[in-house]
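Let me begin by presenting the structure, written as structure tokens, before commenting on it.
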Amino acid sequence: MPSAVGDRLARAGVLGLQGDFREHIETFRRLGSDAVDVRRPEQLDAIDALVIPGGESTTIGKLALHYGFIPKLRERVAEGMAVWGTCAGAIFIARDVPGHPHPLAGLMDIRVRRNAFGRQLDSFEADLDVPQLGSEPFHAVFIRAPLIESVGPGVEVLAKLDDAGTGAPGSEATIVAVRQGNLMATSFHPELTHDGRFHEYFLKLGRS
Amino acid sequence: MAQNGNGHPRDTSKATWTVKSGLAQMLKGGVIMDVVTVEHAKIAEESGAVAVMALERVPSDIRKEGGVARMSDPQLISEIMDTVTIPVMAKARIGHFVEAQVLQAIGVDYVDESEVLTPADETFHIDKKKFDIPFVCGARDLGEALRRINEGAAMIRSKGEAGTGNIVEAVRHIRDITGGIEALAGLDESQLREKAAEYRVPLDLVREVAKAKKLPVVLFCAGGIATPADAALMMQLGAEGNFVGSGIFKASEDPKDQLRRAKAIVEATTHFMDPKLIAEVSRGLGQAMRGIALETLAAGERLAVRGW
């Protein structure tokens, strides 16, 4: 599909071990980027931007570990590859996940709590203000979602959730989207809505 | 709302179609395993399962022991929910909306309105739209899948013949569903209308499937998967993930063997287009469950014909 920004976009890939990777790939294609499905560590050499999709974080984590993704991923990030984790992906790239039963990539200086809002009955939708994406609110889908509990000094908060009426814990606004250099994490699923602004934003990180 | 089993008023931002069908999107490419004990649930999670299905007897034991198969004891389901961090599903009998209310009250993540249990109603399936909890339902063909979706199912699994370790019915059902979808593609408006009448669902739903060339919900396969090659076969035939029941915990009594087989089936589901990898993970797995030839089943022993 032709796009105004097509040839300036990063070469994107989506980790295709498990989860809704196809929805990410389709969103990238709508934006004019031919994203690929990444199932082998060596494929990371051919891309400059990787999405870790929504899915089951223990499953994705175990498979990634088993196939030797973690060292290769760290090496490519050190070389400047952009990485974005959505939901399970945010857990995957966080440095600190209390009680997580297996090792993680540990790329981003954030603490992420799994299933922070509860079980499936507590899954919800909400509109978010994301100044980096313009004035139009971003409609976000949270499914058994994690929460970004705290962030390190180099981490920029992109969006918070006003907890009124959403069932979110605590009385303060909670962090749901962050960026650290060319790493990004969202606790919701931009790939499930038809708004491609987060994907476009990420592709820009990937080519910078 | 009477069917809202957790007693809370409905929050408009929750229990939307997007979050109900969305959880199934997150399970894609994964394996959902039947478990009857906390120990099984731990093995399933350790192997990389995306969810567990809590039930009191696996289908092969239901076949062997007979009697009425019902929803599991809430105590067992709660213990499993407390043990694993992955989603927990549980089965309700076809048409037994109170079992579904109970499962919603416990707070499981998905209800399977399942033909593996003894049906409670011979006329009506559960009116799934009234629930906050999402449902997965079995189907043998496209018409059955669309009727369940029209009732509110947020995920479909092909039925297969549960507890047999025999893949032949699963193959038949997934081919009937995907073949039914392909057949819609070339039809004009009046033919689509005929299909909608034949399937007993609204024309809009048939139009949507014809246009998208896929179901509006995630499609998994179930019923008869016993080996990594079975799992990959179903994925190559168009399933978006697999349910494995008796195949893992009935192949061997040894937890080490169960874990190895479970892991191998998870890997084969991810890398379903990679025969070398499937060969590697299948090596030395030992005997798969013995299984049952379908011709030896009496008509009354077939589970897939339950539901309509």
Side-chain angles (χ1 to χ4, degrees), chain A residues 15-24 37 39-40 53-67 86-89 91 97 99-102 114-115 117-127 139-146 161 164-168 188-189 191-193, chain B residues 4-6 8 10-32 42 44-51 81 84-89 104-111 131-134 154 218 240-241 263 266-267 269-274 277 281:
Chain A
L15 190 65
L17 294 175
Q18 191 272 318
D20 70 338
F21 51 90
R22 207 160 288 124
E23 283 64 24
H24 275 292
D37 166 357
R39 295 187 194 207
R40 299 252 167 222
E56 195 41 55
S57 62
T58 58
T59 305
I60 296 174
K62 280 171 196 296
L63 289 171
L65 200 66
H66 184 64
Y67 299 128
T86 61
C87 193
I91 296 163
V97 183
H100 204 269
H102 60 84
R114 296 182 67 203
N115 299 339
F117 299 91
R119 306 192 70 97
Q120 171 62 14
L121 283 171
D122 302 299
S123 294
F124 63 97
E125 301 179 50
D127 283 330
H139 188 70
V141 182
F142 295 81
I143 296 172
R144 285 173 50 100
L161 181 71
T166 60
F188 49 93
H189 296 281
E191 74 280 13
L192 287 187
T193 51
Chain B
N4 190 338
N6 59 18
H8 297 304
R10 186 177 287 235
D11 182 328
T12 50
S13 71
K14 294 185 184 177
T16 59
W17 178 249
T18 304
V19 302
K20 285 179 173 178
S21 56
L23 179 55
Q25 298 286 345
M26 300 310 140
L27 303 175
K28 283 193 298 193
V31 181
I32 299 168
K42 283 184 194 159
E45 183 169 58
E46 174 61 27
S47 75
V50 289
M81 287 167 64
V84 296
T85 62
I86 56 179
V88 176
M89 301 181 164
Q104 177 167 281
I106 298 171
V108 300
D109 296 293
Y110 243 85
V111 174
F131 284 78
D132 289 346
I133 202 92
V218 168
E240 296 181 282
K263 275 185 174 168
V266 168
E267 286 197 57
T269 299
T270 292
H271 292 286
F272 64 89
M273 294 296 280
D274 187 342
L277 183 140
V281 300

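Note that these values count all heavy atoms, side chains included, but never hydrogens, waters or copies made by symmetry. Every chain is numbered from 1, with letters handed out A, B, ... down the list of sequences.
Note: B:Ile106 CD1 to A:Leu121 CG = 11.5 Å, rounded to the nearest 0.5 Å. For the atom pair NE2 of A:His66 and CD of B:Glu267, the computed distance is 3.5 Å after rounding to the nearest 0.5 Å. In this structure, the separation between OG on A:Ser123 and CG on B:Asp132 is 11.5 Å, given to the nearest 0.5 Å. Summarising the geometry, atom NE2 belonging to B:His271 is positioned 5.5 Å from atom CG belonging to A:Leu17; distances are rounded to the nearest 0.5 Å.
You'll find the side chain of A:His139 stays beyond 4.5 Å of the side chain of B:Thr18, heavy atoms only.
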Item to complete: For A:Asp20 and B:Lys28, run salt bridge (charged side-chain N to carboxylate O under 4.0 Å, His left out): C-alpha distance rounded to whole Å, both residues' side-chain angles, the deciding distance at 0.1 Å, then the answer.
Response: CA-CA 6 Å; A:Asp20 70 338; B:Lys28 283 193 298 193; over 6 Å; no

Worksheet item: Checking side-chain contact (heavy atoms from CB on, under 4.5 Å) for the pair A:Tyr67/B:Leu277: CA distance, chi angles, key distance, verdict?
Response: CA-CA 11 Å; A:Tyr67 299 128; B:Leu277 183 140; 4.1 Å; yes

Item to complete: Might you work through the side-chain contact (heavy atoms from CB on, under 4.5 Å) test for A:Arg119 and B:Val88, ending with a clear yes or no?
Response: CA-CA 9 Å; A:Arg119 306 192 70 97; B:Val88 176; 3.6 Å; yes

Item to complete: Could you give me the CA-CA distance, side-chain angles and deciding distance for B:Thr270 and A:Arg39, then say whether side chain to side chain donor-acceptor pair (under 3.5 Å) is met?
Response: CA-CA 9 Å; B:Thr270 292; A:Arg39 295 187 194 207; over 6 Å; no

Worksheet item: What do the steps show when you test A:His189 against B:Met26 for side-chain contact (heavy atoms from CB on, under 4.5 Å), and what is the final call?
Response: CA-CA 10 Å; A:His189 296 281; B:Met26 300 310 140; 3.3 Å; yes

Practice prompt. Check the pair A:Leu63 / B:Val266 against side-chain contact (heavy atoms from CB on, under 4.5 Å), numbers first and verdict last.
Written response: CA-CA 9 Å; A:Leu63 289 171; B:Val266 168; 4.2 Å; yes

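Here the closest heavy-atom approach between residue A:Leu192 and residue B:Gln25 is recorded as CD2-CG, 4.1 Å. For A:Glu56 against B:Pro87, the heavy-atom pair with the smallest separation is OE1-CD, 3.2 Å.
Only the backbone of B:Ala49 comes within contact range of chain A, with heavy atoms under 4.5 Å apart. Only the side chain of A:Arg144 comes within less than 4.5 Å of a heavy atom in chain B; its backbone stays farther off. Contacts of A:Ile143 with chain B are made by side-chain atoms alone, with heavy-atom separations under 4.5 Å and no backbone atom involved.
A donor-acceptor contact shorter than 3.5 Å links the side chain of A:Gln18 to the backbone of B:Leu27.
Interface summary for chain A: among B:Gly22, B:Ser21, B:Gly48, the most heavy-atom pairs under 4.5 angstrom belong to B:Gly48.
Checked for salt-bridge contact, B:Lys14 and A:Glu125 miss the test: no charged N lies under 4.0 Å from a carboxylate O.
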